[in-house]
Amino acid sequence: MNMSGDIRVKTDRRYRNIYSDLKNFVVKDMHETFFLCACLGYRQGKRKLLGRDGDDRFWSSTITPEEYASYYAMLIEMNDMDFSVISDDRSVIAAIEEYANTGMQILIDDLLSDYTLSKGEEIRLDPSCSRELPKVLLAYIYEKAGE
Amino acid sequence: MIIKKMILTNFRQFRGTQEIEFADGSNGNVTVIFGENGRGKTGIYRALLFCLYGEKRLSQDAQVDESELYLVNYPEMEALSERRKPVKSRVNVEFMHYGQMFQIERTINGMLENGIVFQEERGVRLVKTDKDGNSTTTRDPNEISEMVEEILDRGLREYFLFDGEKIERLTRASPEQRREISIGVRKLLDIDTLETAMKATNRLKKQFDQELENRATGEYGQVIKQLRENDERKSQLEHKLDGIDQELVHARHEIKNVDIQLEKIREIRDLLDERIILDRKRQDLQSQIDGFFQEMKNRTGKTARLLVSNTAEKVFNHIDKRKKKHEIPSEIRRDLIDRLISEEQCICGTPIKPGTDQYQKIVLWRNKTTDTLTEDSMLNLWRYLSDVRSHYEDIAVQTETLLQKYAVANNELHVTLRNLESLREKIGSSERADASKLEKHRQSIESKINNLEMGQDKIQEELKILQDEQERLNQQRKEIEKEQEIRDEMAKRAELSADTNQALKNIHEEFTGETRDLISRKATEYFLKLLDEEGRQTLRDIVVDSDYSIQVYDRWRKPFLANISAGQRQIMSIAFIAALAGVAAGTEVFEMPLFMDTPFGRLSHEHRRNLLENVPDWCNQWVLLATDTEFGRFEARILRNTNQWNKFYVLKGAGPGNTNIESVDVALADGLLIEEAEGY
Amino acid sequence: MVKKQQLIKEKLKKFPPDVQELASQALEYAETMPEKIVTEQLKGIVRRIIKDKEALE
């Protein structure tokens, strides 16, 4: 576990715009959205391979130590307390990407669909109704954490 | 510059010849000019600017029509209009500067003909007397202008007027606030050359890009084309924003005019006063809520950690248990144990045969240990998780508190909006038809302002999205150029222009950054002096952010703006304006007289006390323009105790469009003041 | 103002020589010319800088 900063973290390319919009209006940076989605996906126990649908989203150097520590904990728990799984950060990130992939879909289904516009495959925040989204999102996370 | 005296002749509301002698530091440096709204307090400042620079407008007059901006006293013009005689309006200012006495007199004639005002400047005269008593007179306007600019640069003059509206604008986190601050900072920097060079290289870059686009093909061509289109879209949006800004200023000015007319209708005055209070409350609550949204944005990442707290706990406990059992770190390294097994001997050297109990024990021991790398990982992770866990409770409490505070403020806002609505109906359904009509008009302007502000928000959001898109496309462009080795001359020219433009932008940002830091430090200094006791215990810094918004930090260096009171917000605003003036002056004490127009608005008694006690030390001269509702015996007592207040003038109405300036002994001021001015 | 120009020149030193040259020229022109004229003047400078650079390479 090196908390490597030189990995390009990927997400599904369909989510490119929603990541960007959330960064601009709702969260501080992309790694936060990614972390949130990873946690949501992990809690549901669902992961989805990115495969050829993935494209680069941000550098792992922006991932905070607290987020990295949480990712390691997730992988270890998932692998029955086998600590060797966190020796290679690339495979850690790859696994978390899969959780984040489903996590974003969960987030859209649970919450964001009321605040987004779809154009074909592209999803974007609807600026006309997303002013209170920081509050809605925070309340959602807080409530979910209490479940 | 120390102003000694001002003589006004038929200037604005001041009919005939009237005089003000300012407290000049010999026996105190505070002059209070006292009067109701509309009596001409700002007129004193206007007179100064007109006399020194020939200025007819203040920045707040941007939307005022030329025809409304007359300087010559209207009733006097009316009186002489039948005889078709012009009125001579004059301002004479006497001031000292480094031991030399200056007297400037500027004249403007005005005439009223068929309801239209005609004004004509009639020259300026400056008499300079040196320390030995030798005088020289100049009538050349250019020469006079140069001399005055040397004493106080024209561009800095607006830093020394603190008007209520400016203070108000800076209290709210809004695009207006950011723009006001950005203009203030940039003006201070005075780097027009740098900005021209930036714009020129940007234009150059666009031109080369256009040429490149005309020749480029395939994906590369598409990217170049898209970059250009986005650039054009960005310019369009920025232009639109400017247009909206202008419209907003105009609309707000219109509302002010309507309010002035409404105030004349006695029957609804109480309702209007109530509306002002409610409206202020609405604005304060809105500011608070905006602050909460910002804080929520900053908090989302941390709060998300709670979602996997169980996992973190579980893993932490697992490692902790093994630590407690001394399984990690292992006393003897695994590779050493492997060697013992392969050599079939104990540490002490005794041979151990496979299959024996001792051999089994060593194998079991080896299985329990982990390799060094994994062991290190576990111990590191234990440390990180220990830290992460320790914050869970705090995060949960802070998030819950924030959500609750938002809910309370939001509720209160809805109640306030409902009350405002019902007030509107009352005013609108008043029996006075003129009041109803004015009220309807007012509501339509308010609605227009709402739509304009929403339009502003929408455009800001689109600009952010465009910015992101441009970054992505520029990255893509670089990658394609690298891949396809597109290094022809056209691309190189475009690249050099872009790099140069970026270099100049970086330097510009460094300069503005340095200035922002300087302003932040000075603003903090003033802020801490003006704050009440409670504020001083919690609040530490004012910082001007890179996006030109103001943020206040508490002693734990956490953003605290959302939690400060309306009074503290106002203090913050005053401290900021003082900081701009301080940096503009470049000296410890402001050498230009400080004009402060009704600064007390939302201030508690303690805040007022701090303001009154501290400001006299910041400047050579303080001219405090105050209304009867703001400046009462309490304020007078505090000011008197500073021993700096020695001039008191009352502006008294003397008929429509006429004000008389009356000098009153400071010791007798209480007779004219109410016991308890409106405080918060 | 002169002091400011010195400061700007100092800050430019951390950029590559061709950027320094173009930026310095732009600042010099900007002291006395309006934006559009500065742009026109800089076109020639850019061409020269690129050509000189290629000649060296």
Side-chain angles (χ1 to χ4, degrees), chain A residues 1-3 16-17 20-29 31-33 35-40 42-43 56 64-78 81-84 86-87 103 124-125 127-128 130-139 141-147, chain B residues 289-290 292-316 318-319 322 370-371 373-378 380-381 383-388 391-392 395-396 399-400 402-403 406-407 410 454 457-462 464-465 467-469 472:
Chain A
M1 69 168 254
N2 292 320
M3 297 194 175
R16 175 168 67 88
N17 289 324
S20 180
D21 290 346
L22 286 170
K23 178 194 122 173
N24 280 331
F25 307 117
V26 189
V27 299
K28 276 195 308 197
D29 211 343
H31 66 92
E32 291 190 344
T33 306
F35 179 68
L36 169 62
C37 292
C39 292
L40 288 172
Y42 183 77
R43 278 169 67 104
D56 292 346
T64 65
E66 293 83 3
E67 287 168 357
Y68 246 125
S70 302
Y71 292 149
Y72 291 138
M74 288 184 224
L75 261 288
I76 288 163
E77 187 187 40
M78 196 178 89
M81 299 301 164
D82 178 2
F83 284 79
S84 63
I86 61 171
S87 58
R124 286 221 91 119
L125 275 189
S128 67
S130 39
R131 188 175 164 264
E132 49 162 40
L133 201 44
K135 180 253 166 192
V136 171
L137 184 62
L138 189 68
I141 296 170
Y142 185 68
E143 212 182 289
K144 243 202 156 45
E147 280 171 13
Chain B
I289 288 172
D290 287 342
F292 287 146
F293 281 146
Q294 188 56 44
E295 216 181 306
M296 286 171 189
K297 225 181 126 170
N298 292 337
R299 200 150 267 288
T300 300
K302 274 196 183 142
T303 309
R305 291 184 215 164
L306 299 177
L307 291 168
V308 289
S309 58
N310 289 342
T311 303
E313 279 293 335
K314 197 170 164 191
V315 172
F316 173 82
H318 178 91
I319 305 173
R322 289 191 67 179
T370 32
D371 62 84
L373 214 57
T374 307
E375 212 172 83
D376 286 344
S377 296
M378 287 172 77
N380 277 336
L381 188 58
R383 274 190 282 276
Y384 279 114
L385 289 176
S386 178
D387 184 53
V388 166
H391 289 117
Y392 282 150
I395 291 173
T399 303
E400 190 177 345
L402 181 57
L403 288 168
Y406 165 81
N410 200 34
M454 267 171 30
D457 285 344
K458 223 173 156 190
I459 294 178
Q460 299 280 19
E461 286 176 4
E462 206 185 321
K464 264 193 194 161
I465 290 170
Q467 174 70 21
D468 257 356
E469 182 68 9
R472 191 187 64 81

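Computation of the quantities below employed the complete heavy-atom set of this structure, encompassing side-chain atoms and omitting hydrogens, waters and symmetry-equivalent molecules. First the proteins, then the strands, lettered A, B, ... as listed; each starts at 1.
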Quick check on [X] against chain B: is it the side chain, the backbone, both or neither that has a heavy atom closer than 4.5 Å?
X	value
A/F25	both
A/N24	both
A/I86	side chain
A/V27	both
A/S20	both

Quiz item: Is the closest side-chain heavy-atom distance between A/M3 and B/Y384 below 4.5 Å?
Solution: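 Yes - at least one pair of side-chain heavy atoms lies under 4.5 Å apart.
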Hey, which of [options] has the most heavy atom pairs under 4.5 Å with chain B?
options	result
A/M81, A/K23, A/E147, A/K28	A/M81
A/A38, A/A139, A/S70, A/G146	A/A139
A/E66, A/E32, A/E67	A/E66

Self-check item: Qualifying residues under side-chain contact (heavy atoms from CB on, under 4.5 Å), relative to B/A407, sequence neighbours excluded
Solution: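 B/A407 satisfies side-chain contact (heavy atoms from CB on, under 4.5 Å) with no residue once adjacent residues are dropped.
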Chain A: which of [options] shares the most heavy-atom pairs with it under 4.5 Å?
options	value
B/M296, B/E461, B/E462, B/H391	B/E461
B/R472, B/E295, B/K302	B/R472
B/M454, B/R299, B/K297	B/K297
B/L403, B/V388, B/L306	B/L403
B/V315, B/N380, B/I395	B/V315
B/E469, B/H318, B/Q467	B/H318

Without swapping roles, check the side chain of [X] against the backbone of [Y] for a donor-acceptor pair under 3.5 Å.
X	Y	value
A/Y42	A/M74	yes
A/D29	A/H31	no
A/N17	A/R124	no

Self-check item: Shortest non-hydrogen separation from B/A304 to A/C39 and the atoms involved
Solution: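 Scanning both residues, the minimum pair turns out to be O-SG, 3.9 Å.
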Practice problem: Side chain from CB out, backbone as N, CA, C, O: work out which of these in B/D376 comes under 4.5 Å of a heavy atom of chain A, or both, or neither. | Solution: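 No part of B/D376 comes within 4.5 Å of chain A.
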Quiz item: Strictly by modelled atom types, are B/T374 and A/S84 linked by a side-chain donor-acceptor pair under 3.5 Å?
Solution: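 Side chains of B/T374 and A/S84: no pair found under 3.5 Å.
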Name each donor-acceptor pair under 3.5 Å that joins a side chain in residues 131-138 of chain A to protein atoms two or more places apart or in another chain, with its distance.
from	atom 1	to	atom 2	distance (Å)
A/R131	NH2	B/D290	OD1	2.6

Quiz prompt | Centroid-centroid distance, B/Y406 to B/F293, less than 6.0 Å | solution =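 Under 6.0 Å, so yes.
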Quiz item: Between A/Y68 and A/Y72, how do the two ring planes meet: parallel, tilted or perpendicular, split at 30° and 60°?
Solution: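 Judged by the thresholds at 30° and 60°, the geometry between A/Y68 and A/Y72 is parallel.
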